[in-house]
Amino acid sequence: MQIIIFQLGSEQYGIETSKVQSIDKIKDITKVPCAPDYIKGLINLRGSIVTVYDPYVLLGIENKDRNIENILIIEVNDEQIGMLVDKVIEVVEIDNAMVKDVSASKGDAKSYIKGTIKMEDFLVTLIDINELLNAE
Amino acid sequence: MDTSQYLSLFLEESEENIENLNQSMLELEKNPEDIEIISEIFRYAHTLKGMSATMGYNNLAELTHNMENVLDKLRNKELKASTGLVTVLFECVDMLEKMIGNIADGGDDQMDTSAIVSKLANVGNDENAKEAPEQASEDEKCNLELNVYDKNVLKEAKNKLYNAYEITVELRKDCQLKAARAFVVFNNLQQYGEIVKSNPPAEDLEKEKFGHTITLVYLTQTNREFIKDLINNISEIDFCSVDEVDPKKYSDSVKVEAATAQKVQTKAKKAPQPTKKVQTGTHGRKLGQSVRVDLDRLDKFMNLVGELVIHRTRLEQISESNHITELNETLEQIGRVTSDLQDLVMKVRMIPLEQVFSRLPRMMRDLSTELNKQIEFVMKGQETELDRTVIDELGESIIHLLRNSVDHGIESREERIKAGKDPVGHVTVTAYQEGNKAVIKVEDDGKGLDIEKIKEKAQEKGIDTTGMSDVDIQNLIFVEGFSTSDKVTDISGRGVGMGVVKTKVTSVGGSVDVKSEVGRGTTFTIYLPLTLSIIQALLVKVKDETFAISLGFIEKVIKINKDDIKYSNNREVIVYRDQIIRALRLSEKLRIESDNKSEGFVVIVKLGEKHLGLIVDSLVGQQEIVIKPLGKSLKGLKQYVGSTILGDGRVTLILDIVSIISER
C-alpha cells in the first residue's frame, strides 16, 4: 500500500494515499466561532467549502509550537475535509507486513491507530482517518 | 397564415382545456344544477373552439361548436344535465382529445364526427324518449326494417338462387360475454353466406349494447336445418329460429324507409372510423410539451449558476479596485444575464404548494369521520410557490400538524357545545409570502395547549420550566419525545410528532413555532425560505470575523452609541419604534472576545412578531451570496445556516437568524 508521511510536531504520521485527494498549501482559514476545538475553520478549495480539522487536538499532541505548511484534502464519508499538517515528508510504497500492531503492547488500544511502521531513520504512526474522525 | 409556430402552444393549451373539461364535467355530474360549472365548461369549450378555428382545424372547431350548443341549452335550463347527457359530453371530449392527439402526432383533425354530432343533436330532443325505444327494441323479437337497398339485395339474391332467412337468436339470460357470442354467431354464419342486416346493428353488438335477442337477415345457399345446427352448436344460445323471409312482410312504408335511410347513412359514414382508431392506437406517445428533469441535474445547474454569481462578484471587485472602466459595460451585461439566469433556475425549481395541499381535504374528511368530529376545513394560498426540495420535505409536516389539530385540538361536539362554541370545529391552513420567506399557518379553534400539562410533562422529562414564559413553555412540545396526549392513538400521540416536524422544517432552513390560547385554539406557524441557495445578504463584522445575515430577516440597521443600550431585567435592550426589544451582542452569542463596548451598529431582525437587535462592530456591505451547506461535523451548530464564498475568495459564515431569534 502507498502512504503519505507527514510531520506533526516532533512525530511522523502516515495515512493511506487512497484516502487523500490532494495536498495543498496552507491558505486563509475562516474561523467558525462556537465550533468544537478540533475544527480549525473553513477554506475555499477551488470553489467548494471544506471544513478543516486540527489533528493536534484530535491526537492530543501537546506541542503547540508548530509551523503549518500543508493541508491534506481527504475524503471521509463522502465528504471532503481538510487536515492541517506541519509538512508532508514523502509518499512511499510499503509492504503490509511492515505495519506493526502496537495496541497490544501499549495496553490502551486506540482504534484510530492502525499500527506503526519502522522506516530507516524514524517511526511512522499509521492513522485510520475514518476512525479518528468518528471518535469525536 | 402560417400557424405552425403556434402549434406546440396550441397543443399545450388544448390539452389543458381538455383536462379542465374533464374535471369540470366530473363536477357537473355531481352537481347537475350548478350553473357556474356549466358556464365554466362552456368557457373551456369556447376557448378550444376559438383556438382550433384560428389554427384551421375546422373539424375540431365544428365538434366543439356542436358541444357548445348543448352546453348553451344546459345554461339556459332548456336541458337537464342527466347522466346520459354527461356521458355524451364525455364521449365528445374523448373525441376531441383523440383529434388533438392526432394533430400532436403530426396528423390532422380529420375524424368522423357525424355519430357524435347526431348524438349531441339528439341529446336534447329525445333525452327521455331515447331510452324507451331502446328498451322496446330489446323486447320485440324481430321487426327488421329493410330499406330499398336491402330489398334490392334480397331480390337479387333470390334471382341468384340464394335463400333469404330471417334468423332470431336468443342468448341465454346468464350469458357473460354477449358481444363475444354475437361475434361467434356472425362469424359462423358468414362462412356460409352473407348477413344483410342485423338488429341491433353490428356496432351495438360489439359494444354489448343489446338485450339478449339478435335478429338477422341472412342470405345463403345452404338450407334452414344446416343454419339452425350451425347456431345451436354455439354455446350459451337459448333459442334460435330460422324463417324464410317473406318479402311481403317488408312492405314499403315511406316512413320506415326514411328513418332507416338515415340510419344506414350514418352507418356508412361511421365505417371508416375503426381503422382510424387503430391508426391512432399504434402511434407513439404525443409530443412532450414539458420535459421531466432529474432534480439532481437541477441542483447541479443551480450550483453552477451559484458559482457564476460568485465569480461575477469577484470580477466586479477586481474591476473596482483596479479602476478598469472598460470592463464596466461588460460587467453590467454579465450581471444582468446572471440574475436572469438565477431567476430562471429558481423558477424552474419552484412549484406551487397546491401539490401538498391538494390531498389535504380528503384526509381531513376521513379524519373527521374517523374521530367523529365535525370539521370545517379551509385552505388558503395554495398558489404560493416554494422550492421543490422544500415542498418535498414539507408535506408530511403539514399533514402531521393537521392530524394533531383534529386529534388534540378540536374537542368533541358535546364539549364544544358545553363550552359555548360552534359545534363544528374549524381548521384552516393558510400560506403566503412574507419577504423572502413563505409562511404556512395551521390554525384550529380547539381547546388550545394546556400549559400545566406541558409543565408537568417537562418536569417528568427533567426540564426546568421556572422563569419560562408561556410561549416558551408551549414551544416545548417541539422537543423530541414530548407528547401531552394521555393515550396513544392512531392519529397522533406517539410523542415523536412535533419533534419530527421541527427537525424536518429546520432541515430545509425553516422554523416552526406555536401560539395557543386555552379554550380558543392553537396556531402553528412554519416559516420557510423561498429558495434555498442564493440570497441577498448583509455582511457584518465582529472583531475580525465577517458574517452574513440574510436581508429577508432584516428590518432596519441603526448606528448606535453606548448610551443607546439600556438595561432592563439585567438584560441589554434598545428602544426601537417605541418598543423595547432585546439587544444581543453577536460577539457574546458567538463567544468571540471583543473589547468594543462603545459603539457599533444594531441590526434589527424580525421573525413573525419577534424582534431582536443584533449588535455588531461594523458593516461591510450588501451582497448576493450563494448558500453552501456546512460539513457534517458543523451541522450541529445552530448559529449558522451555511457558509458562502465571497467575491475575494474568502469563506464567510451565514448566520441562522431563525434559530438565534427563537433560541435566546
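Every chain is numbered from 1, with letters handed out A, B, ... down the list of sequences.
No side-chain N or O of Y56(A) forms a donor-acceptor pair with one of D37(A) less than 3.5 Å apart. For the 3.5 Å distance criterion, the side chains of Q536(B) and Q622(B) qualify, holding a donor opposite an acceptor.
Most heavy-atom pairs under 4.5 Å with chain B: of the set P36(A), S48(A), P33(A), A35(A), this distinction falls to P33(A). In terms of heavy-atom pairs under 4.5 angstrom with chain A, the leader among L590(B), L630(B), I592(B), V542(B) is L590(B). Chosen from D28(A), I49(A), I29(A), the residue pairing most often with chain B at heavy-atom distances under 4.5 Å is I49(A). Ranked by heavy-atom pairs under 4.5 Å with chain A, the first of T644(B), T652(B), I645(B), L653(B) is I645(B). The residue among T51(A), I39(A), I43(A), N44(A) with the most heavy atom pairs within less than 4.5 Å of chain B is N44(A).
Of the charged side-chain nitrogens involved, at least one lies within less than 4.0 Å of a carboxylate oxygen, so that R585(B) and E572(B) count as a salt-bridged pair.
In this structure, the side chain of T17(A) engages the main chain of Q2(A) through a donor-acceptor pair within 3.5 Å.
Heavy-atom minimum distance, G115(A) versus V99(A): CA-CG1, 3.9 Å.
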